[in-house]
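Just follow the structure's listing: the first ligand is 1, and inside any ligand the first atom is 1.
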Amino acid sequence: MRLRNIPGAREQVKEDTRCFGAGDDTRGKWEEIFGRKAPVMLEIGMGKGRFIIDMALRHPEYSFIGLERYESVMVKALGKLDRMERDGIPVPENLRFLCMDAANLEDMFERGEIDRIYLNFSDPWPKERHAKRRLESRGFLEIFGRVLKDKGIIEFKTDNEGLFDFALSELEDSGYELVYLSRDLHSDEEEMKDNVMTEYEEKFSAKGNKIFKYVIKKNPDRK
Ligand code: SAH
């Protein structure tokens, strides 16, 4: 998601106390930031934040972080929370934001600091020469593996079959074990009970696109 540049977005994100970014000292400090000991769940590429806000409301027992690269997109999520507050809708206190490129995740998280990572409708980067930029590529899985705790989980949803097949092929010898796979998530009643829709999921499933999902678990013996 790349929105038109919004004047002042960078300053707004920098000043917002719910938002962290490069240069902030968060590594190994997330329990302190949330003010409690609770499992940490991270969405990478949250876009306008609908999924992570809904998840935080639905699961007060966990701490949630929404990560997004672009300030112009991040301010949309901040605006959503501000509107909720103005309308008297309870705003989740167990939610923080990170504005950065996921490639630098290890600057902001200690080894094993994250329990679960959500990848929702990641940019497909269809050109072969850009394959390394895909968040489901081996290189990213390695970075994620270092910040995830043992038996940590990654959940990935997309409507892009090519990206999904690529993601599956990247699992071989990756140190992750496949624990769930669906090529039509919305027809899996059991799995849909806990499904929280993302903005893109709503848009693409309404068009009739099938939603693909995998859940993978980090092997305890992974380096
Ligand atoms: N998860 C949302 C948005 C999907 S669009 C939904 O399902 O509705 C993908 C988002 O990921 C975009 O907003 C894009 O800016 C962000 N993104 C892509 N690569 C990223 C990276 N390397 N680091 C951080 N954010 C990234």
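Close contacts of ligand 1 with N120, meaning ligand atoms under 4.0 Å from a residue heavy atom, involve 1 (N), 2 (C), 4 (C), 7 (O). In the vicinity of G47, heavy-atom distances shorter than 4.0 Å reach the ligand 1 atoms 3 (C), 13 (O). Heavy-atom contacts of E199 reach the following atoms of ligand 1: 8 (O) (cutoff under 4.0 Å). Here is the list of ligand 1 atoms found below 4.0 Å of a heavy atom in D101: 21 (C), 22 (N), 23 (N). Annotation for ligand 1: atoms under 4.0 Å from non-hydrogen atoms of E43 are 1 (N). Per-residue contacts place M100 under 4.0 angstrom from the following atoms of ligand 1 (heavy atoms of the residue considered): 23 (N), 24 (C). Near Y70, the atoms of ligand 1 lying under 4.0 angstrom from a non-hydrogen atom of the residue are 15 (O). Interface of T198 with ligand 1, defined as ligand atoms under 4.0 Å from a residue heavy atom, comprises 6 (C), 7 (O), 8 (O).
For the side chain to side chain contact (heavy atoms under 4.5 Å, CB included) test, residues two or more places apart in sequence or in another chain that qualify with M84 are I53, L57, L81, I89, V91, P92.
Looking at R86 and D82, no side-chain N of the basic residue comes within less than 4.0 Å of a carboxylate O on the acidic one, giving no salt bridge. Using a 4.0 Å cut-off between charged side-chain N and carboxylate O, D150 and R111 make no salt bridge. Using a 4.0 Å cut-off between charged nitrogen and carboxylate oxygen, R146 and E106 count as a salt-bridge pair. Between E202 and K157 there is no salt bridge, since no side-chain N of the basic residue sits under 4.0 Å from a carboxylate O of the acidic one. With salt bridges taken as basic N to acidic carboxylate O contacts below 4.0 Å, none links R50 and E199. Under 4.0 Å is where a charged nitrogen must lie from a carboxylate oxygen, and between D24 and K14 no such pair does.
In this structure, of E68, R69, R133, the residue bringing a heavy atom nearest to atom 15 (O) of ligand 1 is E68. Taking each of F51, F121, F140, F204 in turn, the one with a heavy atom nearest to atom 4 (C) of ligand 1 proves to be F121. If you check each of P124, G45, G66 against atom 3 (C) of ligand 1, the one with the closest non-hydrogen atom is G45.
The residue K48 has no part lying near ligand 1, judged by heavy-atom distances below 4.0 Å. When heavy-atom distances to ligand 1 are checked against a 4.0 Å cut-off, L67 comes that close only through its side chain, counted from C-beta outward.
Where the criterion is an N or O separation shorter than 3.5 Å, residue side chain and backbone included, S122 fails it with respect to ligand 1. Between E201 and ligand 1, no N or O atom pair is found at a separation short of 3.5 Å.
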Name the atoms and distances for all side-chain donor-acceptor pairs under 3.5 Å in residues 94-102, with sequence neighbours left out.
{"unit_1": "N94", "atom_1": "ND2", "unit_2": "A56", "atom_2": "O", "d": "3.0"}
{"unit_1": "N94", "atom_1": "ND2", "unit_2": "H59", "atom_2": "O", "d": "3.1"}
{"unit_1": "N94", "atom_1": "ND2", "unit_2": "Y62", "atom_2": "O", "d": "2.9"}
{"unit_1": "R96", "atom_1": "NH1", "unit_2": "E93", "atom_2": "O", "d": "2.9"}
{"unit_1": "D101", "atom_1": "OD1", "unit_2": "A103", "atom_2": "N", "d": "2.8"}
{"unit_1": "D101", "atom_1": "OD2", "unit_2": "R69", "atom_2": "NH1", "d": "3.4"}

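Judged by distance alone, the side chains of Y180 and D188 do bring a donor and an acceptor atom under 3.5 Å apart. Donor-acceptor pairing under 3.5 Å is lacking for the side chains of N120 and E201.
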